[in-house]
Protein chains: 2
Amino acid sequence: MKLSTAEENYLKAIFKISEKANKSASTNAIARHLSTSAASVTDMLKRLSEKGLINYEKYKGVTLKSAGIKQATQLIRKHRLWEVFLVKKLRFSWDQVHEIAEQLEHIESEELIMRLDAFLDYPKFDPHGDPIPNADGKFTIRSQTPLSDMHKGQQGMLVGVKDHTTEFLKYLNSLNVKLGTMISVIDSVPYDGSMNVNLDSKKEIMITSIVAQNLLIRIG
Amino acid sequence: MKLSTAEENYLKAIFKISEKANKSASTNAIARHLSTSAASVTDMLKRLSEKGLINYEKYKGVTLKSAGIKQATQLIRKHRLWEVFLVKKLRFSWDQVHEIAEQLEHIESEELIMRLDAFLDYPKFDPHGDPIPNADGKFTIRSQTPLSDMHKGQQGMLVGVKDHTTEFLKYLNSLNVKLGTMISVIDSVPYDGSMNVNLDSKKEIMITSIVAQNLLIRIG
DNA sequence: TAATATTTTTAGATCAATCTAAATATATAT
DNA sequence: ATATATATTTAGATTGATCTAAAAATATTA
Ligand SMILES: [Mn+2]
Ligand SMILES: [Mn+2]
Ligand SMILES: [Mn+2]
Ligand SMILES: [Mn+2]
């Protein structure tokens with residue numbers, strides 16, 4: 001089935017919202033996610049329901065049907081593969097690629113994605129540490145813990161970020177924190193949740209709770 | 001100025017039509033080129049005129065203004081750079097890339113194109129031998145002659161094709177004719193314009209007039 | 001030049017995607 | 001449980017891009 005860019009974006013939004021909360025997506029949540037009005041969302045939900053991509057009952061919120069999951073997953077696959085291309089091949093920095101990938105993900109060609117995947121050597125994670133679903137829609141899972149949940153003395157490698165905004169990523173750049181950086185907890189302040197951490201056994205820095213919550217660590 | 005995909009396609013069509021004939025583009029010619037109705041074309045011409053991209057007078061046909069030429073040229077630049085990427089990096093064959101490039105050419109990011117150009121090592125020609133305008137819109141020009149205009153004994157290198165259809169390109173594949181192939185004219189038949197030619201001083205084949213007209217040779 | 005053919009424009013509709021304002025349903029609090 | 005607040009849907013409009021059919025302008029031919 002050939003979907004419009006708008007339809008694809010709605011499916012992706014529903015996928016991400018229900019994945020995070022592990023429940024159905026509300027009209028308002030979708031509107032917020034896509035920066036559009038609730039009325040527009042209702043309109044689109046009717047159309048997507050008509051096409052058999054979602055389960056929709058008035059006032060009840062929506063979930064994706066299997067066809068919708070498939071579409072959303074493929075879109076995420078394309079988005080993340082393009083992000084890898086932009087960073088690895090075109091040498092963009094990780095804070096510059098999301099907007100461009102938002103456009104590239106809608107290019108329609110199975111063959112293109114297969115070849116791109118091969119060209120990039122079948123990457124499993126994107127530049128932000130997010131897993132890239134394979135052609136069948138399967139995600140690689142990986143145990144990861146928000147730095148904010150770690151205790152004094154624990155250490156591990158930065159494998160992902162929760163916040164993908166340019167501002168956050170640029171802040172990390174300025175701290176020289178990137179995927180692969182080894183982080184160990186020196187201590188944490190119970191009062192405000194801020195932490196002193198050591199980076200790659202070299203530099204010691206202080207970060208706030210909010211930052212720590214957005215850094216995902218593979219402990220060990 | 002940010003243009004829609006439709007607007008960009010119209011500008012490109014007008015550019016190509018007026019370039020070929022070196023005169024203004026008629027409503028019908030544009031409609032034919034874009035496989036749409038003359039009424040739709042008239043509609044769009046009004047909008048493009050409003051935006052100052054074209055010179056349009058009712059019943060007189062259109063030409064591009066400098067802003068329109070700039071947009072069309074940038075679009076062609078993007079299209080051809082992406083075609084090079086698809087062939088050189090993703091190993092598509094030259095008959096598979098046009099449709100995908102039709103989509104990729106509308107991705108909006110100056111930075112992306114600059115980096116893609118560098119990644120591809122600043123190519124001057126696309127996989128069909130068409131010149132790629134530089135960032136300022138300048139095309140590299142090259143003397144070339146349709147094989148059909150060449151005479152017995154003349155020879156040269158295939159540097160371009162006029163017909164870009166998959167069928168034509170696949171036919172050339174089957175003959176092992178590609179850009180760079182050396183072609184020499186053994187003789188030509190005045191009756192129907194067909195020719196006997198030699199390829200890379202190896203194989204001798206016969207081609208019809210219509211094929212010869214679509215092969216562009218750099219003589220010498 | 002007058003009749004005819006062709007090209008182009010206009011009129012009027014449709015469809016997707018969006019909006020604001022108003023109505024209705026559901027959730028929360030007193 | 002009733003009142004109030006919030007969430008969602010409906011009603012009605014708008015915009016871009018398209019269509020068909022009909023009208024008008026231009027070009028061709030006799
Ligand atoms: Mn992204
Ligand atoms: Mn990402
Ligand atoms: Mn092409
Ligand atoms: Mn080409």
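Note that the structure is a prediction, hence the values are computed from the model and not measured. Chain identifiers are assigned alphabetically (A, B, ...) following the order of the sequence lines, protein sequences preceding nucleic acid strands; residue numbering begins at 1 within each chain.
Remark: B:Arg142 is positioned above the aromatic ring of B:Phe125, its terminal NZ or CZ atom under 6.0 angstrom from the ring centre and at most 45 degrees off the axis. Cation-pi check for A:Lys89 over B:Phe119 is not met; the charged atom does not lie both under 6.0 angstrom from the ring centroid and within 45 degrees of its normal.
With pairs defined as Watson-Crick or G-U wobble and both atom distances under 3.5 Å, the stems of at least three pairs that touch DNA chain D come out as C:1-30 with D:1-30.
The phosphate of C:dT9 (OP1 or OP2) has a side-chain N or O of B:Thr42 nearer than 4.0 angstrom. Remark: A:Tyr56 is in phosphate contact with D:dT9, judged by side-chain N or O atoms under 4.0 Å from OP1 or OP2. For C:dA17, the OP1/OP2 oxygens have no side-chain nitrogen or oxygen of A:Ser40 closer than 4.0 Å. Applying the 4.0 Å criterion to OP1 and OP2 of D:dT6, one finds that A:Asn28 has every side-chain N and O outside that range. For C:dC19, the OP1/OP2 oxygens have a side-chain nitrogen or oxygen of A:Thr36 closer than 4.0 Å. Note on B:Ser37: every side-chain N or O is 4.0 Å or more away from OP1 and OP2 of D:dT20.
Summarising the geometry of A:His128 relative to A:Leu179, their closest heavy-atom pair is C-CD1, 3.8 Å, with the distance given to 0.1 Å. In terms of heavy atoms, A:Glu83 sits closest to A:Pro127 at O-CG, 3.5 Å. A pairwise comparison of heavy atoms in B:Pro123 and B:Asp117 identifies CD-OD1, 3.6 Å as the closest pair.
Rounded to a whole Å, the CG atom of A:Leu48 is 9 Å from the P atom of C:dA17. Counting to the nearest Å, the C1' atom of D:dA17 and the NZ atom of B:Lys51 are 12 Å from each other. Per the geometry, CD1 belonging to B:Ile30 stands 14 Å off P belonging to C:dT7, to the nearest Å. Here the P atom of nucleotide D:dT15 and the NZ atom of B:Lys46 are 16 Å apart, to the nearest Å. Spacing between atom CG of B:Asp43 and atom P of D:dT15 amounts to 14 Å, rounded to whole angstrom units.
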Atom pairs, N/O to N/O, protein against nucleotides 23-28 of chain D, distance under 3.5 Å?
residue: D:dA25; atom: O4'; partner: B:Tyr59; partner atom: OH; Å: 3.3

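Side-chain contact between A:Tyr171 and A:Val211: present, with at least one pair of heavy atoms (C-beta onward) separated by less than 4.5 Å. In this structure the side chain of B:Leu53 never reaches within 4.5 angstrom of the side chain of B:Lys65, judged on heavy atoms.
Backbone-only contact: A:Thr27 has heavy atoms under 4.0 Å from sugar-phosphate atoms and none from a base.
Rounding to the nearest 0.5 Å places CG of B:Asn9 at 12.5 Å from CD1 of B:Ile30. Atoms CD and CG, on B:Gln154 and B:Asp149 in that order, are 9.5 Å from each other to the nearest 0.5 Å.
Toward the 5′ end of DNA chain D lies the nearest nucleotide of B:Met44, the other residue of the pair B:Met44 and B:Ala38 mapping further downstream.
Residues of residues 1-18 of chain A having a heavy atom closer than 4.0 Å to DNA chain C, listed by number: A:Ser4, A:Ala6, A:Tyr10.
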Inset, instruction - Begin from the C-alpha positions of A:Asp95 and A:Ser93 and carry the test side-chain hydrogen bond (donor to acceptor under 3.5 Å, both in side chains) through to its verdict. - result: CA-CA 5 Å; A:Asp95 55 276; A:Ser93 125; 2.3 Å; yes
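By the 30° and 60° cut-offs, the orientation of the rings of B:Trp82 relative to A:Trp82 is perpendicular.
In this structure, the ring of A:Phe85 has its center less than 6.0 angstrom from the ring center of B:Phe85.
Out of C:dT10, C:dT8, C:dA16, the shortest distance to the side chain of A:Arg47 is found at C:dA16.
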